[in-house]
Amino acid sequence: MDYDTVVVGAGPGGSTTARFAARNGARTLLLEKREEIGVPVRCGEGIAPRWLEMIDVPLEGDWIANRVRGAKIYSPNGNSLTIEDDNLGTEVGMVIHRDKLDQFLAKLAEDDGAEVRTGVTVTDLLWNGEDVCGVKIRDSNGKESEITCGVVVGADGFESQVGRWANLPTHRKPADMCGALQYTLIDLDIDPEYCEFYLAKGSKGAYIWSFPKSSDESNVGIGCMVSRVKNPGEIKVLLDQFIENHEHFSKGKCVDIQGGGVSLSEPLEKTAGAGVILVGDAARQIDSITGGGVANACLSGEVAGRIIGKATETRDYSKEAMQEYDMEWRKVMEDRLYHSYLAKTKLTEVEPESIDTVVKTMADVGVEEPTVAGILAVLEKHHPEILAEIGDLI
Ligand SMILES: Cc1cc2nc3c(=O)[nH]c(=O)nc-3n(C[C@H](O)[C@H](O)[C@H](O)COP(=O)(O)OP(=O)(O)OC[C@H]3O[C@@H](n4cnc5c(N)ncnc54)[C@H](O)[C@@H]3O)c2cc1C
């Protein structure tokens, strides 16, 4: 074998897998098709740093743009709820420069002994009978070659091909697709201490975020269930209307536009096979409520790297050995992901008036735990009729 593991894709999931695989003794090659890691950026750039801390990522460096104090959530009629970062159990606590974070994570992988190559596209898998045993690649000069290894890691993101090539069940329901559009606005005059979430008027299941990098710059974007819009242009109309109606954003100048699909589905039923595992968006480890996936990709990458290290010691990359990864990452986040998935499915059906009431109630009684379970507990006490509307599925 040329390497113990080849990791496909140097996003947060791939770099973290490579880092921990190398740290645990595996000869690791990390391949990225883009010439420059992390460029161009396609991300709202909001993350919760506590997840990164858990996997030993030092919280320092030029990838940190702004530490926020918390989040403000606005219901369709403008009721607002402020959640301080101390008990913000979900996704936002820091706004980052995503390109620099991806480069930083790749550098950490390199420091731990992984070999990193950019401008290399993986074009297919190599097979030894039923087992995956390497990859076919094409470099930036068009030269094709093959690399053999014990386990291939598909960390190739939302449009992952590794899972499909490996015959893992990667189908996704159209109803779980979210369309996202984001503007980077500058020349603003905003409070940089809070990220903001607006549950959009007039379209169930759409929400708008503002992740401020400073008092004059913010990523303002919209996520909208594709099944809820008649044509893709509608998403832009909703975002433009929102900005027009909010003076502190309408004064801004747009310097970047990003769009993309986010899969808000439940995680894949099977994320490992003989000689192959899937990490991050490729395994659909994305939070269906927030659309956040950077931290989850890192968390599952740590698990993957650990299991690959163990498999390398015993030279066992069989289906059974790789299955341990499938079991271990689920212990870390599967419950959380399923709760969010069920909540998202139900929330797209809830009337805006009920959301107004939920947000007002949470603001009135205070939020001890801003998780799906915490919200349900408040509703059970104060609005059992709304709980009956949304709670049964969750
Ligand atoms: C508009 C938008 C806003 C978002 N905002 C946020 C946010 O604010 N916070 C958050 O946490 N998440 C956010 N997300 C989600 C987040 O970007 C993903 O969950 C995260 O990037 C997943 O990391 P990953 O490592 O699994 O995949 P990716 O980051 O997608 O990395 C995959 C890598 O694989 C490479 N690759 C693909 N195919 C190949 C191949 N064949 N050969 C070699 N390399 C390959 C790609 O070039 C890429 O670098 C957002 C997504 C979108 C679309």
Side-chain angles (χ1 to χ4, degrees), residues 7 10-24 28 30 37-38 41 43-71 83-114 155 192-195 209 211-213 219 279-281 283 285-287 289-309 325 328-337 339-340 367-371 373-374:
V7 182
S15 288
T16 307
T17 306
R19 179 186 186 200
F20 284 94
R23 189 185 276 194
N24 286 292
T28 303
L30 174 61
I37 288 173
V41 171
C43 187
E45 305 182 296
I47 59 162
R50 68 195 180 94
W51 300 115
L52 297 182
E53 256 180 324
M54 271 168 63
I55 54 157
D56 195 21
V57 174
L59 296 185
E60 57 194 29
D62 62 357
W63 54 276
I64 300 171
N66 181 26
R67 279 171 185 268
V68 295
R69 281 184 54 190
I83 302 173
E84 297 299 330
D85 198 25
D86 291 347
N87 60 354
L88 189 72
T90 48
E91 288 292 320
V92 173
M94 196 183 254
V95 184
I96 57 166
H97 300 293
R98 175 66 197 273
D99 46 353
K100 291 187 177 139
L101 174 69
D102 284 15
Q103 288 156 15
F104 181 65
L105 293 174
K107 171 78 171 53
L108 291 178
E110 219 165 26
D111 290 348
D112 266 313
E193 295 205 310
Y194 290 91
C195 288
W209 64 82
F211 293 161
K213 284 193 171 173
N219 289 330
V279 162
D281 276 12
Q285 291 157 336
I286 198 156
D287 187 294
I289 288 280
T290 62
V294 170
N296 290 340
C298 291
L299 289 173
S300 62
E302 189 273 337
V303 175
R306 216 169 355 101
I307 303 296
I308 291 168
Y325 161 72
E328 287 295 312
W329 78 254
R330 288 181 201 278
K331 285 186 201 160
V332 178
M333 67 180 102
E334 190 177 39
D335 274 2
R336 180 163 55 82
L337 293 182
H339 266 133
S340 287
V367 187
E368 277 174 25
E369 202 199 339
T371 58

Under 3.5 Å donor-acceptor, N219 side chain and G44 backbone = yes

Minimal heavy-atom distance between I286 and G292, with the atoms involved, is CG1-O, 3.4 Å

Shortest non-hydrogen contact from L52 toward L101 = CD1-CD1, 4.5 Å

I would like to know whether Y325 and V303 meet side chain to side chain contact (heavy atoms under 4.5 Å, CB included); could you show each step before the answer?
-> CA-CA 7 Å; Y325 161 72; V303 175; 3.9 Å; yes

Is the side chain of E84 donor-acceptor paired with the backbone N or O of G70 at a distance under 3.5 Å, no angle test?
-> no

Drop me the distance from T17's OG1 to I307's CD1, to the nearest 0.5 angstrom.
-> 11.5 Å

What are the two closest non-hydrogen atoms of D281 and G293, and how far apart are they?
-> OD1-CA, 4.5 Å

How would you list, by chain and number, every residue that makes a side-chain contact (heavy atoms from CB on, under 4.5 Å) with A283, sequence neighbours excluded?
-> T271, L278, Q285

Kindly determine whether T16 and V279 satisfy side chain to side chain contact (heavy atoms under 4.5 Å, CB included), including the steps that lead there.
-> CA-CA 10 Å; T16 307; V279 162; over 6 Å; no

Taking side chain as C-beta onward, heavy atoms only, is L108 less than 4.5 Å from S15?
-> no

Taken to the nearest 0.5 Å, the spacing of M333 CE from W51 CH2 works out to 8.5 Å

Partners of E302 by side-chain hydrogen bond (donor to acceptor under 3.5 Å, both in side chains), sequence neighbours excluded?
-> R306

Mind checking side-chain hydrogen bond (donor to acceptor under 3.5 Å, both in side chains) for D56 and listing every partner two or more places apart, or none if nothing turns up?
-> R23

Just jot down the salt bridge (Lys or Arg N to Asp or Glu O under 4.0 Å) partners of K213, sequence neighbours excluded, or say none.
-> E45

Can you check side chain to side chain contact (heavy atoms under 4.5 Å, CB included) on R336 and N296, steps first, answer last?
-> CA-CA 11 Å; R336 180 163 55 82; N296 290 340; 3.0 Å; yes

Out of V57, N24, D111, V7, which residue meets the side-chain contact (heavy atoms from CB on, under 4.5 Å) rule with R19?
-> V57

Are F104 and H97 close enough that some pair of their side-chain heavy atoms sits under 4.5 Å apart?
-> no

Sorted by chain and residue number, the salt bridge (Lys or Arg N to Asp or Glu O under 4.0 Å) partners of D102 (sequence neighbours excluded) come out as R98

Nearest 0.5 Å, what's the CG-CG distance between D287 and L337?
-> 6.5 Å

Where is the tightest heavy-atom contact between I37 and A106, given as atom of each residue plus distance?
-> CD1-CB, 3.6 Å

Any residue meeting ring-ring contact (aromatic ring centres under 6.0 Å, His included) with F20, in chain and number order, not counting sequence neighbours = none

Distance-minimising heavy-atom pair for Y194 and A71 = CD2-N, 3.7 Å

May I ask you to decide if V95's main-chain N or O and N66's side chain share a donor-acceptor pair within less than 3.5 Å?
-> no

By side-chain hydrogen bond (donor to acceptor under 3.5 Å, both in side chains), E328 pairs with (sequence neighbours left out) K331

With sequence neighbours left out, the residues meeting side-chain hydrogen bond (donor to acceptor under 3.5 Å, both in side chains) with T28 are none

What one should report as the nearest heavy-atom pair of G280 and S300 is N-OG, 3.5 Å

